[in-house]
Amino acid sequence: MAYSEYALNEQVIYNVGSRRLFAVITTPVSSPRAFEMTCVILLNAGAIHRIGPNRIYVKLSRRLASEGIMTCRVDLSGQGDSPFTTSGSCLSNVHLEDMRCIMDYIESEKAVSHFILAGICSGADNALCVAISDPRVQSLILINGGFLPDDILKAYQRQVQLRSVLRYYLKNMCYLKCWKRFVTGQSSHVRSIIELWKGNKALCSKSDVREKPEDIEYKWAQLIKRKVSIYLIFAEGSTSLDLFNVVFHKKVRKLIRSGVMVKTIISSADHVFTPIAKQEELIRRIVECASMTCMRFSKH
Amino acid sequence: MEPFFFGNSSKQLLGIYHPPKHSVSTFSGIILCHAWGQEYIRSYRAMLILAEHLCRKGFHVLRFDYTGCGDSSGDCFDVTIEDCISDISMAANQLRDGCHIRKIGFVGLRLGAYLVTQYAKRSDIWSSPLVLWQTVTNGAHYLADLTQQHADSLSGTFAERVLNSSAYLEMLGFPVSRALFDSLSGINYESLCPPKDSKVLIVNERPCHDILLLRDLISHNCAITDLLTTKTGTFWRKSNARRLSSVPIRDIEEIVQWLTQNMR
């Protein structure tokens, strides 16, 4: 069924509590009982406004609504149509306060008590921060998240880039075009590796970083203790997958193996899911994760 | 800023109305017509800043999303040029009726500029100021450029060998139906000529051959034709990955100044 066939029930809001936040709430026409109390909030991916990369968030919202799940796609302060706030605190605190306001609004206006946060790239990072500080968040769907501050990303940049290039050439071993690009010097992978090695002064040492991978692993463990379901989705072509594999070791692997954290890789997809078939696959996967979470709520 | 949905049950468009700063209201309105597809995402901030500048000059401003685009209803798969033109008409009626506007001007960016001229030809908006901002002047080149950008953006990624559907073409993450492709292919500078007595500002990065031909064609017909050459770069392109939120502030200031002079 095409999305346009769904009865659309969307509401646009701009004033949320004390803040000016632009958000679109998609409400299902009817919901199974298990799904009534849940809302999926979609957080901005990078600097892209609330529709998400390639309009994925709009398609996802309407698909979730057709399954009976309410969604809200929001522009956090300074992104899309939401103005910067002049509260004076740092951006991450502003965004935490934004999310608190939006959840308060949905809780009071829509009688929702469970929240699932989902986001691509920086949206995933923000979702993780919000979940740690707000107990109303019951599930996280984190897509291509980096999860680490910029300084630590820089510290691991070489390893990550190298791993990504190796994966690419291993996968495309029999693909002549990619070797032709390699031999003729047109390969962007090789260029990026050379640039990375040349510009080594810009990279910081692993001992200088503010927040270490262990800190993030500890946060994940805390969330799991709180019974928050965590779904990690990676595009095969995203370097965030390499970062995850390089940085997070035993603890996270144990969590994944034990099933409390679920990791999925969408093959042949780039970081922003450019091919439409891959967008569809991502949407299907997110709907599955959200439905599983809703079913879990209904059992409790 | 006042966001709202307008239209009917089968077609619901997102509109964002920017009221004029009350002290300087001009009883004139401006409709902003976005670019399409990936270009729409890349230029979203520029259109927001333009709207804010215009409302500070006393204009009622309405931005809106076409059918199948942004937050509006519908799917990209079955959008046609006709749908988009009818969306502009709905937006113009909404602004005219909702705010008791006497005069409406239009700013169209990229494909939006073409759509504005097509709407102007069919409606009774003679002498309305039209701003054609970085307009598409040649549909075949526009499509070829999008196709090339799409191939470049996937080249060397894990997604480069994903097979496209045969039902539609893919351009930077957005589907283009065969019907839309054919309509877009037919765009040329002659088809952009607005109705007689229009006031037209063409804003372009560099005066390419088609733009000069368009200016000459328009100047034969229209009351005022101005060509503004800018150096702000192709801020709407996906290849400018690090400049997603870049805003061509000089273009915006020139457009606001021109509209202020020509909306009186």
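Keep in mind that what you see is a predicted model, and the values were worked out from it rather than measured. Reminder, nothing fancy here: chain letters follow the sequence lines and each chain counts from 1.
Of the possible polar contacts, none joining the A:N9 side chain to the A:V29 backbone as a donor-acceptor pair under 3.5 Å is found.
With sequence neighbours left out, B:Y66 forms a ring-ring contact (aromatic ring centres under 6.0 Å, His included) with B:F64. Taking the ring-ring contact (aromatic ring centres under 6.0 Å, His included) definition, one finds that A:F273 meets it with nothing, sequence neighbours left out.
Put simply, of A:H271, A:Q279, A:R50, the one with the most heavy-atom pairs under 4.5 Å next to chain B is A:R50. Ranked by heavy-atom pairs under 4.5 Å with chain B, the list A:V12, A:D81, A:V24, A:I13 is led by A:D81.
With a threshold of 4.5 angstrom between heavy atoms, A:R20 does not approach chain B through any atom at all. The parts of A:N172 that come within reach of chain B are both its backbone and its side chain, each placing non-hydrogen atoms under 4.5 angstrom from that chain. Both the backbone and the side chain of A:E236 come within less than 4.5 Å of a heavy atom in chain B. For B:E2, no part sits under 4.5 Å from any heavy atom of chain A, backbone or side chain. B:Y40 touches chain A through its side chain: at least one heavy atom from C-beta onward sits under 4.5 Å away, while N, CA, C and O do not. Contacts of B:Y44 with chain A are made by side-chain atoms alone, with heavy-atom separations under 4.5 Å and no backbone atom involved.
Between A:E280 and A:R63 there is a salt bridge, since a side-chain N of the basic residue sits under 4.0 Å from a carboxylate O of the acidic one. Using a 4.0 Å cut-off between charged nitrogen and carboxylate oxygen, A:R73 and B:D71 count as a salt-bridge pair.
Not less than 6.0 angstrom separates the ring centroid of B:F59 from the ring centroid of B:H53.
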